Amino acid sequence: MLDMKYIRENFEETDRRLRTRGGESYLAGFCELDEKRRALLIECETLKALRNSVSDEIGRTKDKSLVQDKILEMREVSHKIKGLDEELNQVDDQLHSFMLTVPNLPHITTPVGTSENDNVLVRSWGEPQKLPFEAKAHWDLGEDLGILDFERGAKITGARFTLYRGAGARLERALINLMLDLHTDQHGYQEVLPPFMVNRDSMTGTGQLPKFEEDLFKLVDPEFFLIPTAEVPVTNIHRNEILKKSDLPISYCAYTPCFRREAGSYGKDTRGLIRQHQFNKVELVKFVHPSESDAALETLTGHAEKVLQLLELPYRVMALCSGDIGFSAAKTYDIEVWLPGQSCYREISSCSTFGDFQARRASIRFREDEKGKPEFVHTLNGSGLAVGRTLVAILENYQQEDGSVLVPTVLQPYMGGLELVKS
RNA sequence: GGAGAGAUGGCCGAGUAGGUCGAAGGCGCUCGCCUGCUAAGCGAGUAUACUGGGAAACCGGUAUCCAGGGUUCGAAUCCCUGUCUCUCCGCCA
C-alpha cells in the first residue's frame, strides 16, 4: 500500500510514476474520496468530543433531575453520530479497498518500459553451450529416463501436475537440500518451515489479495489459501509487529511447495515442468532498514545466482522494466537460466524489493531508537531457486548424447555419490 | 467431535451492582541523581493509529482493554455473534 499522505502531497508525481506501469491512471477518484473522508471525520469527531464532555458532566452531577435536558440533548447527538459513523465507515472502506488495488511505485532505477522487450540485461554468467548433438527437451529426457511421469501426474490430479520417480524425486530433494544448506551455512539466512496454507490477512499483507484471487487455490471452509510462494507466509511472520532496530536485517529462507492456478496461461508451456500448478521453491526473504534495501536487493540476487554458479548453469540477470514488474514490487531482477533443449533463457528466480509497500499493508515496523516513532521496514524476497526449473536446467544442460544425464559435482554428495542418471 | 476456562498496555497483572479508566500495581526499558566498582537506592518518563493547528518544537481532538454488532447521555465493565488460546475426554500422524 502506498502512503496516502504522500499521495495527497505529491499527487502529480505519484500519478505519473504509476502510469509508467502501463498507461492507465491508478489514482482516479482518490482525492475526492480522501477529502470526503476527512470532512466526515472532523464532523463526527467534533460531535463525539461534545458528547464525551457532556456525558462526563452528567456523570459528575449527583442529582440527575438537574441534567435531564442534557441527557435528552445527547440522545439526539448520539443518534446523529451513529449516522455519521456509518457514512464514515462506508467511505473508509471504499478508500481502503481502493488503496489495496493501487500497485507499488516503481523504484527510480527501474527502467521505464511497456513489456518484457524493454527489460534490461544487467549481466550474464557462463557460456550458453552448444551441444555436439541435437539437444533434447527435458520432458523427453525425463520420460525416457523414467524419472518424470507426466501422464500419471495428470491421471492422479490433472494437467500441470507431475509425478517424480527414483532419481528424479531424489534430484529434486537434493536440490532443495543444496539450496537450504548454502543459504543457511554461507549466506546467513535462518531456515524456516512455514504453513503452506494461509488466511486472507496474510495474502492481503503481501499483495496477492484482493486483486489476484483468481490466481490462487482456495479452500472454502475454513477460508484458507494455498500459498503461491513462501514469500506469503514468511513475510507475514512479522505482520503487526514492531521490531527492534537491532533485529534488522532479518533473513529467512524457506523451502515450500507453491500452488498457482496459472489462470490465463492456457496453452503456454503445456509440456514439461516449466509451468506447474504445484512446484517446489526455496525462497529468500529479508526485512531490512530502509537505508539498506537497495544494497540488500543486490546481495540477495547474488545469493540466488550463487546456486547457479555452483551448479555451473549459464544464466543472465535482467532488470525488469516498469511495465513488467509485479504489483507489489518496486524493482525486480529476474535470473534466467539457459535451456539448451529449448534454446532460450527461462526465468528461474525473481528477486524483488518492495520498499515499504508490503510493510505498510502488513504493518511491519521498527523503531530507529527507543523513543522514536515506529517506521516501516523494507521487505525483499527472491527465489533461491525455483527447484523444478533448476531440475529442468540440469537435465537439459547436463544431458549426454545417449540420453543419460551427468549429476553436477556439487550435487553428487546429496545423491548418494551418484554421478550419472541413466535408464 | 464432546465438556470446560480464558483473551486488558513491551511483559506480568488489577479492575465486572456502567461514569473521576488510556486504564492501579509490579517487571522491563529510557533519562537524570546518587554511589570506590558491581548491586541497591531516589526522581522523571515510557502504547498505537487517524485527524486539526504549527515551519518546527509542540499543542488539541477522536478511536483502540481479541474482533464485529447491540443497550445507554455514558461501556474494559451489561447483551449477542465470531475468532483465537488453554485444559480434560475421544480420535488421529
Side-chain angles (χ1 to χ4, degrees), chain A residues 1-10 30-100 193-205 209 219-225 233 236-248 250 257 356-377:
Chain A
M1 196 152 71
L2 299 179
D3 182 0
M4 286 200 273
K5 228 176 273 173
Y6 185 86
I7 299 178
R8 203 179 291 151
E9 287 159 12
N10 306 277
F30 169 80
C31 293
E32 294 74 12
L33 213 48
D34 179 54
E35 271 160 34
K36 190 172 171 193
R37 170 178 167 269
R38 280 183 296 154
L40 272 172
L41 190 67
I42 291 167
E43 192 184 354
C44 192
E45 288 190 350
T46 307
L47 285 180
K48 282 183 181 172
L50 174 70
R51 182 180 68 184
N52 282 348
S53 66
V54 174
S55 291
D56 192 54
E57 198 185 324
I58 293 170
R60 287 166 188 279
T61 308
K62 300 244 162 55
D63 183 352
K64 298 297 185 223
S65 67
L66 296 175
V67 290
Q68 275 313 310
D69 54 331
K70 287 198 166 121
I71 288 178
L72 289 175
E73 195 187 327
M74 286 309 106
R75 191 175 293 173
E76 290 286 309
V77 170
S78 268
H79 187 72
K80 212 163 159 188
I81 287 174
K82 197 176 170 189
L84 284 170
D85 257 341
E86 271 169 29
E87 202 179 339
L88 182 62
N89 277 337
Q90 233 171 6
V91 174
D92 246 344
D93 287 349
Q94 271 177 43
L95 189 60
H96 189 66
S97 314
F98 176 84
M99 288 307 296
L100 287 178
L193 183 60
F196 301 160
M197 299 179 213
V198 299
N199 57 31
R200 182 168 283 273
D201 283 346
S202 291
M203 281 295 183
T204 306
L209 289 179
L219 304 183
V220 172
D221 187 23
E223 186 190 66
F224 289 148
F225 297 87
N236 277 283
I237 288 174
H238 295 297
R239 172 156 51 86
N240 291 333
E241 289 186 15
I242 300 177
L243 304 164
K244 289 197 222 95
K245 190 188 181 186
S246 57
D247 294 335
L248 304 176
I250 296 173
D356 62 7
F357 187 84
Q358 291 182 327
R360 184 172 283 107
R361 283 181 164 243
S363 192
I364 308 169
R365 295 175 291 173
F366 78 103
R367 280 184 222 275
E368 186 65 47
D369 54 74
E370 294 285 346
K371 289 181 177 168
K373 282 268 158 214
E375 300 172 51
F376 293 110
V377 302

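Letters A, B, ... are given to chains in the order of the sequence lines, protein chains preceding strands, and every chain is numbered from 1. All values derive from a computational prediction rather than experimental measurement. Only this structure's heavy atoms are used, side chains among them; waters, hydrogens and symmetry mates stay out.
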Proximity to the side chain of [X] - top-ranked nucleotide from [options]:
X	options	answer
A:Pro374	B:rU48, B:rG74, B:rG61	B:rU48
A:Arg38	B:rG70, B:rG19, B:rG52	B:rG52
A:Met74	B:rC73, B:rU48, B:rU51	B:rC73
A:Arg37	B:rC50, B:rC73, B:rG52	B:rC50
A:Leu41	B:rU51, B:rG61, B:rC73	B:rU51
A:Arg365	B:rC50, B:rG70, B:rA49	B:rA49
A:Asn52	B:rG70, B:rA63, B:rC73	B:rA63

Can you tell me the distance, in whole Å, between the [atom1] atom of [X] and the [atom2] atom of [N]?
X	N	atom1	atom2	value
A:His79	B:rU71	NE2	C1'	15 Å
A:Asp93	B:rG68	CG	P	11 Å
A:Gln68	B:rG74	CD	C1'	14 Å
A:Asn240	B:rG10	CG	C1'	15 Å
A:Ile81	B:rU72	CD1	C1'	13 Å
A:Glu241	B:rA47	CD	C1'	16 Å

Handout entry: Side-chain donor-acceptor pair present, A:Ser202, A:Asn199, cut-off under 3.5 Å
Key = yes
Problem - Side chain to side chain, A:Leu88 and A:Glu43, heavy atoms closer than 4.5 Å - result: no
Problem - Note, A:Ile81 side chain near A:Val77 side chain (heavy atom, < 4.5 Å) - result: yes
Practice task
Using heavy atoms to find the nearest nucleotide of RNA chain B for A:Arg60 and A:Arg51 separately, return the residue whose nucleotide is more 5′.
Solution key: A:Arg60
Problem - Which residue lies more 5' along RNA chain B, comparing A:Ile58 with A:Lys82 via nearest heavy atoms - result: A:Lys82
Look at [X] and [N] and indicate whether a side-chain polar atom (N or O) is within less than 4.0 Å of OP1 or OP2.
X	N	answer
A:Arg367	B:rC29	no
A:Thr46	B:rU62	no
A:Lys70	B:rG74	no

Exercise for the section: Please state the P separation for the pair B:rC11 and B:rA67 - nearest whole angstrom. Expected result: 15 Å
Handout entry: Nearest-angstrom distance, C1' atom, B:rG22 to B:rG82
Key = 26 Å
Practice task
Give none if B:rU46 has no partner; otherwise give the nucleotide forming a Watson-Crick or G-U wobble pair with it, both distances under 3.5 Å.
Solution key: B:rG28
Exercise for the section: Scan every strand shown for a Watson-Crick or G-U wobble partner of B:rU35, both distances under 3.5 Å, and answer none if you come up empty. Expected result: none
Exercise for the section: Could you tell me whether A:Lys5 contacts a base, only the sugar-phosphate backbone, or nothing, with contacts defined as non-hydrogen atoms closer than 4.0 Å? Expected result: sugar-phosphate
Practice task
Please work out if A:Arg8 contacts a base, only the sugar-phosphate, or nothing of the nucleic acid, heavy-atom cut-off 4.0 Å.
Solution key: sugar-phosphate
Practice task
For a side-chain contact (heavy atoms from CB on, under 4.5 Å) with A:Met99, tell me which candidate from A:Met1, A:Arg360, A:Arg361 qualifies.
Solution key: A:Met1
Practice task
Return yes when atom CE of A:Met197 has more than 12 non-hydrogen atoms of other residues, nucleotides or ligands closer than 6.0 Å, and no otherwise.
Solution key: no
Handout entry: A:Gln68 atom CD, over 12 foreign heavy atoms within 6.0 Å
Key = yes
